Amino acid sequence: MSPSTRSDLPLNTGLKTDTPTPSIDVLTARHVSLKHILVALLLSALFFLLFCFIVLHGYIAWVLSNPNVAPLYSNPKLSKNLAYEDVLFQAADGSRMMQGWYIPAENSRKTIVFSHGYGANREEPWVPMYDLAHYAHRLNYNVLMFDYGFASQKSKEVATGGKKEAEQLLGAINLAKQRGADEIVVWGFSMGAGTALQAALTSKDIDGMILDSTFLLEPDTMYHNIRQHIDLPRRPSLEIIGMLLPVLNGTSMRQIPYTEVKSMDYPFPTLFIHGTEDEKAPYPIAEKLAENQTNEASEVWIVEGSHHEMIFREHPKDYLRKVSSFLSRIESAK
C-alpha cells in the first residue's frame, strides 16, 4: 500500500486511557479507618503507660510490706558472753507466737525491751544491738530482744507499719512483767521507735522509752522515703499506694494512729535521739514529738551531722552517757 492510499486510523494499543478516580465515599472511608487506627494506638499506649504506672506503685507497696531481712548470725553468748534463754510468747492480741532472747540480770526487777527497726531483726548489727544489750546488762537490767513478725525466721508475715507490730511489742512487755519486772523501758530504733509510740498509747506498763531515729509511718515520711529512690508525683502516688497497701498487707494508713501519736503527751519519761543528717526520718519529727512532752525527765538530743540509727556508732561515749543519765532519772521518778 502506498503512502498516498494509507488510511489515518487511530492505533489500538490495548490500554485503557480512561482511569476511573476513587469516589468521595471511598476516600472518606479510608480517612476514617486511618483515624480509628491512630486513636486505637494512642489509647493502647496510654493504657499501657497507666498499667506500668500502677504496677510500679504496686511494687513499691509490696516492698514496703515485705522487707528483706537477713537471718540471725549470732546470739548473746557468742557475741558478748551473756547467758540467755530462748523465749516464746504471744502477741498481746493472740495473733501469733513471737521468738526472742531473754538475758537475765542478777536479782533485777528492771527490764529493757529492745524494739528493732524495719528491715532488721533483733540483732540489728549496724546499731550495733549486742553492744547496747551488753551495756544495759552491765547496768543490771534484764534484756529482752525479739523479732517482729516481718523478721521471723519460722513464720514470717508482712510488715504493717506498727499496726500488728504494736501488739507484738505489747506481748514482749507482758513477758517482761511475767518475769517479775516492775520497771520496763522500751528502747526502740527507727520504725521500732514508731511502733513503741503506738504501743504506748494503750499500755500502762511502760515506765520509760528511749527512741533512736524515730520513724513514724505516715504519708509525709512515706513519700519522703519513696523520693529517695524514685521521683514520683506526690499525687496520685500516695493515693494509689494507700489503696494497694490494704490489699498487700491488710493495713490501711488510716489504721495507723500517727495523728494521735504526734499530739500525745506520754505520762512517762521519754528520751528522743536523732541525727540532723537522717535521710529516712527527718529530725524535726523528733523535735515535734519532744515538744509535746511535759514529763520533767523527758529530753531530746539532736546530734549534728549524725545519720539514721548510726548515732551510737558515731558518738558512742556521748550516747551511753545520755542513756545512763536518762535511766537514772527513770529510777528516781519511780
Side-chain angles (χ1 to χ4, degrees), residues 64-67 69 89-100 111-124 127 129 132 143-152 156-176 184-222 225 245 249-264 266 268 270-274 278 280-281 285-286 288-290 292 308-309:
L64 290 172
S65 304
N66 297 272
V69 180
F89 58 91
Q90 273 196 336
D93 60 359
S95 60
R96 61 171 290 127
M97 295 299 295
M98 313 299 299
Q99 301 92 36
T111 298
I112 285 178
V113 179
F114 281 105
S115 175
H116 70 76
Y118 172 87
N121 55 35
R122 71 188 86 159
E123 292 179 322
E124 201 147 7
V127 168
M129 201 75 91
L132 294 181
V143 174
L144 177 57
M145 307 167 70
F146 73 98
D147 290 332
Y148 281 114
F150 62 78
S152 174
K156 187 174 180 178
E157 63 180 10
V158 294
T160 64
K163 179 195 171 188
K164 290 184 178 180
E165 291 81 5
E167 294 295 329
Q168 296 163 11
L169 176 56
L170 291 172
I173 291 168
N174 289 339
L175 176 65
I184 298 174
V185 177
V186 178
W187 196 338
F189 301 83
S190 189
M191 192 175 286
T195 296
L197 288 166
Q198 294 179 56
L201 292 173
T202 59
S203 177
K204 296 181 179 179
D205 298 315
I206 299 174
D207 298 291
M209 294 195 301
I210 302 168
L211 305 179
D212 185 326
S213 307
T214 302
F215 181 97
L216 183 63
L217 186 61
E218 58 172 330
D220 287 343
T221 52
M222 183 169 70
N225 277 266
L245 280 175
N249 68 12
T251 302
S252 166
M253 289 289 289
R254 292 189 297 272
Q255 294 175 287
I256 300 173
Y258 56 85
T259 301
E260 188 177 357
V261 166
K262 289 169 68 176
S263 62
M264 183 67 177
Y266 292 92
F268 46 75
T270 304
L271 171 61
F272 296 93
I273 303 173
H274 223 102
D278 193 324
K280 296 182 179 180
I285 294 173
K288 179 63 175 67
L289 291 167
N292 297 331
H308 191 74
E309 290 190 272

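This is a predicted model, so every value here is computed, not measured.
- Side chain of Q168 to backbone of G149: a donor-acceptor contact under 3.5 angstrom is found.
- Side-chain contact between I206 and Y266 is absent, with no heavy atoms from C-beta onward closer than 4.5 Å.
- Between L217 and Y258 the shortest side-chain heavy-atom distance does not fall below 4.5 Å.
- In this structure a side-chain-to-backbone donor-acceptor pair under 3.5 Å is missing from D212 to F189.
- Side-chain atoms of N292 come within 3.5 Å of backbone N or O of K262 as a donor-acceptor pair.
- Although no hydrogens or angles enter the test, the distance criterion places a donor-acceptor pair under 3.5 Å between the side chain of D207 and the main chain of I184.
- The backbone N or O of A281 lies less than 3.5 Å from a partner atom in the side chain of H274, making a donor-acceptor pair.
- The two residues S190 and H308 come nearest to each other via the heavy atoms OG-NE2, 2.8 Å.
- N66 places no side-chain N or O within 3.5 Å of a backbone atom of V158 that could act as its donor or acceptor partner.
- In this structure the side chain of Q90 never reaches within 4.5 angstrom of the side chain of M98, judged on heavy atoms.
- Y118 places no side-chain N or O within 3.5 Å of a backbone atom of F150 that could act as its donor or acceptor partner.
- More than 12 heavy-atom neighbours from other residues, nucleotides or ligands sit within 6.0 angstrom of NZ on K156.
- For the 3.5 Å distance criterion, the side chains of T160 and E165 qualify, holding a donor opposite an acceptor.
- Of the possible donor and acceptor atoms, none in the side chain of Q198 sits under 3.5 Å from a partner among the backbone N and O of I256.
- With H116 contributing its side chain and Y148 its backbone, the two residues share a donor-acceptor pair below 3.5 Å.
- S115 places no side-chain N or O within donor-acceptor distance of the main-chain N or O of G188, the cut-off being under 3.5 Å.
- Side-chain contact check for I210 versus I273: some heavy-atom pair is nearer than 4.5 Å.
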